[in-house]
Amino acid sequence: MKMSEKFNKPYDPKQNEEKIYKQWESSGYFNPDNLPAFPDGTPREQSWSCIMPPPNANGSLHAGHALFVTLQDIFTRFERMRGKRALWLPGADHAGFETQVVYEKKLAKEKRSRFQMSREELYKEIWDFTQYNKQFMEGQIKHLGASCDWSREKFTLDDDIVQIVYDTFKKLSDDKLLYRGLRSINWCPKHQTGLSNLEVSYEERTEPFYYIQYGPFTIATARPETKFSDKYIVVHPDDDRYAKYKHGQTFDVPWINGTITATLIKDKAGNPEMGTGAMTITPWHSEIDFDIAKRHNLDYEQIIDERGKLLPVAGEFAGMSIKDARPKIVEKLKELGLLIKIDEKYEHSVPLCYKCKREIEPQLKEQWFIKMSPLANRAREAIEKKDVKFVTERHKRIALHWLENLEDWNISRQIAWGIPIPAKICQDCGEGMIDLNNDVKKCQKCGSKKLEKDPDTFDTWFSSGQWPFATLGYPDKNDYKEFYPTNLMETGHDILFFWVLRMIMLGLYRTNKVPFKTVYLHGLVRDAKGIKMSKSKGNVISPLEISDKFGTDALRMALVVGNTPGTDLNLDPNKVGAYRKFANKLWNVARFVIMQVAEIDNLPNLDEENQIYRNLQNFVDEVTDDIQNYRLHLASEKIYHYIWHTFADKILEESKPILQGDDKKAAAIQARLLFEMLKIQLKILHPFMPFITETIWQELPEKDSDFLMVAFWPKK
RNA sequence: GGGCGAUUAGCUCAGUUGGCUAGAGCGCCACUCUUACAAAGUGGAUGUCGGAGGUUCGAGUCCUCCAUCGCCCACCA
């Protein structure tokens with residue numbers, strides 16, 4: 001036997017990785033349907049599946065993507081080697097709002113704006129943009145070694161996916177879990193769309209709190225600019241200070257733009273602890289106020305427009321932005337003698353658009369809402385019964401808590417980029433009607449024929465929340481029957497609420513089964529110093545650059561070793577460098593062992609009773625147990641340590657005298673031992689460092705499968 | 001206002017159900033170009049495991065309190 005000439009030193013990842021990936025791809029083994037049978041000829045029967053969280057098709061991969069690709073690939077390769085029909089299904093997400101925001105930034109750079117374009121033009125442009133990104137992204141995922149089945153790849157805007165999403169929408173309506181309602185929603189004045197509660201972030205601010213004379217009352221507010229037409233004053237029914245006034249009593253109140261008639265409302269929403277215990281309400285721009293108005297059947301009026309400017313009701317202030325108007329209004333209140341005092345140290349949290357950080361301006365809008373509590377209750381039950389298990393106990397607790405008091409979910413978005421909501425809106429009475437086949441011609445409520453298509457699109461999470469069963473072809477495709485429920489959902493803990501829990505709720509709702517049996521949540525990938533990566537800070541580490549420099553295998557190890565589930569990880573290039581060294585170490589170990597074997601003509605059989613060999617088998621069992629229990633951080637470190645400090649440092653060193661001694665038979669036996677041990681080590685390391693292990697495997701003079709990728713996991 | 005996590009070598013972090021004479025990588029010191037490997041090897045220094053109590057034969061690991069940092073949740077006019 002002779003060593004291949006390309007078995008050079010040191011190990012060069014670039015020379016091998018791309019080539020190996022192409023070989024894997026053309027082998028067809030990423031597709032579970034093509035996997036070879038067991039050595040004794042029995043076919044693979046047990047299935048295992050994982051759906052890839054579809055990356056947003058709006059940019060290149062970041063370190064977080066590299067982490068999930070690595071983790072999921074490890075599990076997939078492990079299960080495949082254990083003889084399962086392993087399916088890892090890849091996809092891409094149109095990522096509605098997120099993508100539109102990215103695209104709007106691009107437009108802004110080009111001095112363009114979406115408000116100068118038709119919806120159709122915008123949609124078309126973003127479509128081309130995502131198609132380009134999607135392709136680019138797939139190449140990057142391949143670069144990271146992902147052994148996913150590309151033949152089953154899905155996009156959230158594929159026709160069959162959209163059809164399933166529409167069916168769910170209809171079913172929710174039939175089951176009375178969907179309604180169209182006028183409600184206060186989180187409106188972003190910049191992006192011109194409503195947002196779900198999850199898409200609002202809060203910031204603690206200290207702002208002035210104004211005490212204003214309102215007839216016989218003193219009210220307190222942080223937002224005087226909303227108060228123009230306030231004509232209801234609300235106090236708690238049990239507030240003694242106001243016991244002398246009666247519910248429904250009216251007062252003539254000198255107000256900002258003249259005298260108005262105010263009505264007293266006694267409602268439990270009034271908080272005696274807050275300010276003076278008396279407040280006026282602005283139902284159009286506050287959810288609480290709107291709820292009060294509904295309870296008492298009060299009038300409401302829009303004060304601020306969608307762009308955050310004051311409407312004509314503001315009189316002389318009309319057309320001004322809130323920010324500009326506030327000090328001027330305060331000035332006028334002062335002139336009118338209505339301003340009593342200002343508390344400068346009022347601390348409260350201000351709702352902001354999670355993308356642009358502008359203040360959310362609540363607006364009343366007709367939107368589609370999903371009633372969450374029935375869905376949430378089922379999800380809680382499934383989690384409590386452990387139909388869905390969480391690898392990290394604390395995320396389970398967080399999940400259960402979140403599911404306890406879920407508000408209804410606004411799934412309407414006023415953006416072009418997304419799945420259009422299949423509905424018509426009556427222009428006369430405002431009734432919204434589901435219209436899957438474009439055959440609703442007149443209003444089901446008032447009979448009017450003036451119907452318009454609902455211009456809105458779905459919240460992107462409404463469609464991605466159906467991803468597991470939709471990608472597998474619910475309800476009748478073979479993949480659905482075989483692979484659903486999936487085994488593993490691996491994703492970032494930051495989208496536990498956005499995605500994971502929505503999938504559990506919608507999955508249970510649609511299929512009566514949980515969408516996945518186990519949830520593994522990883523943390524955020526930060527930079528070497530533990531600072532969150534961001535483009536503005538300029539500390540973004542590109543996984544592709546790191547991979548080019550150190551090799552994908554090294555990057556993968558750096559992402560896994562010491563990275564406990566759910567905890568944030570600092571990605572330090574030095575750490576990646578350490579695993580490049582390890583790759584080189586393994587390379588040289590393999591060279592040495594193959595060199596020894598190459599000098600022997602007839603290798604004897606392995607002595608399976610050999611103690612060193614048995615120790616390795618025990619070690620394999622331990623590592624197998626770690627992987628099965630999602631302790632990749634331990635498994636990877638142990639394998640690293642075994643290969644370097646047990647096998648290379650001790651076993652190989654102690655073998656040298658035997659190998660080079662006079663007893664040729666003993667040398668041959670020892671060579672066989674080392675060779676078999678090398679193969680086992682390659683196998684158990686393969687899920688973590690697939691490229692180098694496969695490269696070495698293909699240089700072996702004797703192997704038990706054409707590709708290491710489909711070799712069988714060692715066991716006693 | 002509620003909840004959660006972290007605090008271990010100079011730095012970044014592991015340490016699964018209590019058994020650790022506490023580990024890894026990087027960094028540091030000394031010596032070695034010994035044909036698997038200088039992207040290496042051999043040897044070495046460095047820690048009252050945030051603080052105070054407690055449970056235990058035994059605690060980095062469990063309990064209580066405290067301190068510092070970080071995160072999440074919550075319709076506080």
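Values reported hereafter were calculated over all heavy atoms of this structure, with side chains retained and with hydrogens, waters and symmetry mates removed. Residue numbering restarts at 1 for every chain, and letters A, B, ... go by the order of the sequence lines.
Rounded to a whole angstrom, the distance from the P atom of B/G1 to that of B/G19 is 39 Å. When the P atom is compared between B/C4 and B/G60, the two are found 25 Å apart, to the nearest whole Å. Distance check on atom C1': B/G58 versus B/A22 gives 15 Å, rounded to whole Å.
A salt bridge links A/Glu359 to A/Arg205: at least one charged side-chain nitrogen sits closer than 4.0 Å to a carboxylate oxygen. Using a 4.0 Å cut-off between charged side-chain N and carboxylate O, A/Arg223 and A/Glu361 make a salt bridge.
A/Arg183 forms no cation-pi arrangement with A/Phe290, by the criterion of a distance under 6.0 Å to the ring centre and an angle within 45° of the ring axis.
If you check every strand for non-hydrogen atoms under 4.0 Å, A/Tyr579 touches nothing. When heavy atoms are screened at a 4.0 angstrom cut-off, A/Asn197 is found touching no nucleic acid atom at all. Across all strands, A/Ser349 comes closer than 4.0 Å to base atoms (heavy-atom distances). Among the heavy atoms of the strands lying under 4.0 Å from A/Arg631 is at least one base atom, whether or not backbone atoms are also near. Counting non-hydrogen atoms under 4.0 angstrom, A/Asp626 reaches a base of the nucleic acid. Within the 4.0 angstrom heavy-atom criterion, no nucleotide atom of any strand lies near A/Glu287. Among the protein residues, A/Thr282 comes within range of no part of the nucleic acid, since none of its heavy atoms lies under 4.0 Å from any strand. Among the heavy atoms of the strands, none lies under 4.0 Å from A/Ala558. Within 4.0 Å of A/Arg223, counting heavy atoms only, lies no atom of the nucleic acid at all. Among the atoms of the strands shown, base atoms are found under 4.0 Å from some heavy atom of A/Lys656. Contacts of A/Ala220 with the nucleic acid, taken as non-hydrogen atoms under 4.0 Å apart, include base atoms.
One interatomic measurement links the two molecules: OH of A/Tyr202 to C1' of B/G2, which rounds to 15 Å at whole-angstrom precision. At whole-Å resolution of the value, CH2 in A/Trp587 and C1' in B/A36 are 12 Å apart.
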